[in-house]
Every structure is written in structure tokens, then in C-alpha cells.
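In what follows, chains carry the letters A, B, and so on, assigned in the order in which the sequence lines appear, proteins first and then strands, with residues in each chain numbered from 1.
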Amino acid sequence: MEFKKTKVLKDNPTHYCPGCGHGIVHRLVAECIDELGIRERTIGTAPVGCAVLLYNYFDCDIIECSHGRSPATATGIKRVHPDKIVFTYQGDGDLAAIGTAETIHAANRGENITVIFVNNAIYGMTGGQMAPTTMIGQKSTTSPRGRGENHEGPPIKVCELLSKLDGVEYLERVAVNSAKDVRRAKKAIRKGFTNQLGDKGFSLIEVLSMCPTDWKIKPAEAVNFVEEDMKKVFPLGVYKNRSGD
Amino acid sequence: MMAEKILLKGNEAMVEAAIEAKCRFFAGYPITPQNEVPETMARRMPQVGGTFIQAESELAAINMIFGASAAGARCMTSSSSPGISLKLEGISYIAAAELPCVIANVQRGGPGLGNIRAAQGDYFQAVKGGGHGDYRLIVLAPAGVQELYDLTMKAFDWADLYRNPVLMLGDGLLGQTAEPVVKKKYRPACKLPKKDWALTGCTNRKSNVVKTLMLGSVEALADHNRHLVQKYKKIESELSLVEEYMTDDAELIVSGYGMTARIAKGAVKNARAKGLKVGLIRPISVWPFPTDTFKRAAEKADKFLVVEMSNGQFVEDVKLAIECKKPVEFMGVGGGWYPTPENVLEKIETVLGG
Ligand SMILES: Cc1ncc(C[n+]2csc(CCOP(=O)(O)OP(=O)(O)O)c2C)c(N)n1
Ligand code: SF4
């Protein structure tokens, strides 16, 4: 197989740190949009977070949202253009802290959108503060002694939480720390988009991803951290597939 | 044919005007005294093929508007004071992204949870910013249900023309008062620009981006803000709505906005009947502020009296407009209460007597 540029991704070099997962996730989203031939009817949302400059890389209509509010903004867009393909791209701080309400309610309304949720267990852009997904014992600049269960509470597991909502169509947790995982992640993202094409409702793909910079470890170790630490707390798999196909 | 005249509450009139003006997207969250707006929208929008969403919060509602407007739809949200505070984050983004929309604030008593009675304590928030950063809203303050209906229709056009949010600044009294309204057919108030910036999918064109982050060179944000300032100057030079009543020979000019000004107008009429030389200036657009009208009046009148349902916000703009060249007396009624024409007349007599 030949590795080619996608039509959706522009030629601009990204600003992501070496070893960061965002670039891989961008590539997967772009490949899916290309393969489904939907670039010209896709409208994306950029978050506040490391992926805020997403519009510099994706060549489709994009709106940059305020922190956490992407699901609400995407709701507005999708209701105005039900025939367009609308996706949000959000970090864990964005989706599971400041935007928890927007996430839960868009999911519960069954908004026919595709949410790409990049979980790197930390606030990347602002320099490594604790995220709602930071794990017990994991150090961050605002949990310097490691996140404690009693003080900060255990990490929020978004797929598990949303799986309780009847309005949700599809939830899957994937990772991008190995070639095998990347292939699976792509399948899940693709399904998230085909669900929308079939008017099935709310799909969310949680992607466990690396942030070597704010984890303060080397990229190779970051890959292991996802494998050894994150996957134990955030098990991969399909958490909901309402229509079963 | 007789024009259709029906009895509507202010809140309902806003909805009918919006729908007549082709608004097809509304998102809101309940708060008294504006609940008839989402309630009527919920009933009316499906009848015209539009969308009504009861959002999970004001934050969500305004961000739905952010999306719907970016997608090119005529859209509206409404709330009352505490809810508008929550919407401010989104309003700043919408203003920064230069997206058109109409936002209604049916003011209630504050600060905090305050009460649900009519008040005008959100004037600063409406005209001086409220949200973060350098932005302006076009702010319209009608003094009756018919005017509210007419201005709401126009608000959508001005929002589109200037690519700027328009705030309808009412209060509980206006929202809850029922008056006969002549329903007018919508005709655009101006030539409307094409929405070639809207997010509709990039079929046969370059992709569109709606954003408010201005990184890059140090000048990027400064340039954008300069552009906004130019736009606001243009709006100031083109849009000024004001009612003047018996100001020609007036020794005392009474001023206020919205329903307070309407009450004050009653007092001015009664004062005239008593032979007192009193007039009224009522800004209808409170931003842009009709500064020139006040300046001209200050050349002739001896004194000003400002009446408002708050403890002194609008009065500052009057003083600024007349550059403090004449004394400005103040009558503030706070806490969710409104003055009667008798209260105002009494004050007029004191001011003229003193
Ligand atoms: C209202 C508001 N609060 C806080 C911020 C600051 N902020 C920017 S990015 C960010 C955290 C982003 O973390 P996450 O969503 O996990 O994405 P990542 O950068 O890790 O990809 C925060 C708190 C902001 N921009 N707006
Ligand atoms: S800080 Fe972390 S998430 Fe952000 S670009 Fe760098 S590695 Fe990626």
C-alpha cells in the first residue's frame, strides 16, 4: 500500500510536539473523510486546547469554538444543515471538564454528529495541569503529589458514563499508541462518520493519546504509558452500539 | 384591507416579529420574566419549518446560536439578566467572529438572583461590553409592544448588514405588557449582504473558517480589533434612533430609555398641561447613543433630568453626551420597581422649582 497525502489535510506542518497523538488522530479523521468522499459537505469544530489550530490543517469548513462548548455549537450547525456532516474534535479538559454539560446533553439529545474525543489524561495546551481524566497517582502541575482519589476524585470515564444515556448511538474507546491500535482507531472513526451519514445519531470515539511533553517523558515512554497505565484505567472497546451493526 | 391588529404580550410580539423576519432558529433556557419567548417559539417554529431547542443552559443556548449563525441561519436567543450574564462568554465570541444574531434581554431585578420584577440594571452590561474584550453590540430599547415588534424585525437586518449581534434591551414590564400590535409584512430594512462567509460545506469554493483566535504576528489581533473599531464607527455614523418630544422650547429635558421613558413622557405631558416647559429625549438605540441630539438640546435647555430603573447607569451616558455642560439631575428607582408618572412629575416640579 502506498502512503499518500490526504485531500483534506493541507501541506502545513503541524505545531504538535514530537510524539504527540494529535497528528495521528488528524490523519485518521482526514483519511475517513477522504474515503467517504465527504470533504465538501463536512463542517468541523476546533476546540480550545492543543488542537485549536485544526483549521490550519483541515481543508474543509471549520468553526473554532469556545472552551468546552463544541457540542452546543455543532448542534446549532447540524440543525441548520441536517444534510452536512458535522464533527467535533475535543480534548479531555474541553469535553469532560468545562464542557461536561454540553457533552452529556448533546449525547442525550442524540444529535446526529460525530465526536472525536482525544484523551491524553492532561491539559496539554495550558502546560500540563490536571484533567478530569488524569489517573490516580499521576502527577500534573496542579496535582504535584499525584492525583488522589479522595481529594480530586477518580478519573472520569466518558464512554462508561455516556453509555447510560438512551439517546446515544455509538461509543468506542480506541488508542493510537501502536500500529494495531491505529488501525482499530481508524475503523471506529470511520464508523462514527458512517453512522452520521445514516442519520443514526450521536457517535463518540474516545482516543487514548500521547502527550510526552506534559507527561514529561520521552515519546517512546509515552507510547508505553498509554499501553501500561492508561489502558488499565480506560479499557478499550465498544461501549455502545445501539443499532448493533 | 385593514392591517391585522392583535393583542400580544411584548414577549410574544418579539417571537412573531422574528418569525415574520425569517428567523428560523431559536435556542433558549427558561427564566422569568421572558418565558413566553421560548414557549411561543416552541409552538411557532415547527409551524414555519424552523428549529426550536430548549438548551441545557444559557451557555449552551448562546453557543447553539454561535453555530447556527455561522451556518448562515437567521437566529435568535432570549433571556433575562442572570441568564444574559451566562451568555456573555458566547456573545464576546459571536461579536469577535462578526456573526449576526438577535439576543433579547428582558431585564429583571439584580444583582444576583434579585427578583423577577422589571428593572434596568443591565445597562452597563449591555452597552459597555459585559463580556471580555473590545466589542460592541447594537442595543435597541423599545418603549412599547408595537415598537418592540417593529424593531425586532429590523434587528435581524441590521445584524446581517453589520455582521454584529443586536441586543433587544427590554425589561419585565415591556415583556409582560399586552398591547394591540399591527402585524406588518417583513420587508428588508436595507440591502442585505451575501453570507459568503457562512459554513455550508466547501462545495465548489475554498473552505471557510470562523474563528476568533488571532495568533501569529503581534499585529494579527490588533488588526482585527482595528477593523472592528472601524465597523463600530460606521455603525455610529449610520444608525441612531431617538424620539424627541417637545424639546424645542424646553427648559428641562427629561430623559430615559425603554419603558421608563414612556412613563416619563406621561409626566412631561402633564407638566406641559400645567404650563411647565419640559421636553423628552428618548434614545431608542442606546448603542449607538444619539449623542448629537443631546448636544443640540444642551445648547438650549437649562437642565436635564434622567429617570431610570436602576441606581445610575444611563445617566453617565447623558452626562458624557452633553459633556457636563448643563446640570443633570437624577431619579433612580432600583430593586425591581418602576416610577409612576406622578412620581416623575413631582420630581420635575422640584427640579424646576429649585
Ligand atoms: C473559558 C476558558 N477557560 C480556560 C481556558 C484555558 N485553556 C485553554 S486549553 C485548556 C485545556 C485544554 O486541555 P484539553 O482539552 O485536555 O486539550 P489538550 O490541550 O490536552 O489537547 C484550557 C484550560 C480557555 N481558553 N477558556
Ligand atoms: S502539549 Fe501534549 S497534547 Fe499538546 S501538542 Fe504537545 S504533546 Fe501534544
Atom pair CZ/SG of A:R79 and B:C75 - distance to nearest 0.5 Å: 14.0 Å
Just checking [X]: does its [atom1] atom have more than 12 heavy atoms from other residues, nucleotides or ligands closer to it than 6.0 angstrom?
X      : atom1 : result
B:I116 : CD1   : no
B:K231 : NZ    : yes
B:Y162 : OH    : yes
B:N35  : CG    : yes
A:K216 : NZ    : yes
B:K128 : NZ    : yes

Atom group of [X] that falls short of 4.5 Å from chain B, counting heavy atoms:
X      : result
A:R41  : backbone
A:I104 : neither
A:R109 : side chain
A:I63  : both

Given a strict heavy-atom distance threshold of 4.5 Å, which part of [X] is in contact with chain A: side chain, backbone, both, or neither?
X      : value
B:F25  : side chain
B:T200 : both
B:I62  : neither
B:A198 : backbone
B:A60  : both
B:R24  : neither
B:T51  : side chain

Closest-packed option against chain B by number of heavy-atom pairs under 4.5 Å, given A:D59, A:D83, A:T75, A:I85: A:D59
Top contributor to chain A interface from B:I53, B:L199, B:L59 [non-hydrogen pairs under 4.5 Å]: B:L199
Would you say [X] and [Y] make side-chain contact, with heavy atoms under 4.5 Å?
X      : Y      : value
B:L213 : A:V48  : no
B:N63  : A:S66  : yes
B:E89  : A:R69  : yes
A:N56  : B:K211 : no

B:N208 side chain vs A:D61 backbone, donor-acceptor pair below 3.5 Å: no
Shortest non-hydrogen separation from B:E56 to A:E102 and the atoms involved: OE2-CA, 3.2 Å
Over all atoms of both residues, closest heavy-atom pair of A:H81 and B:A71: NE2-O, 2.8 Å
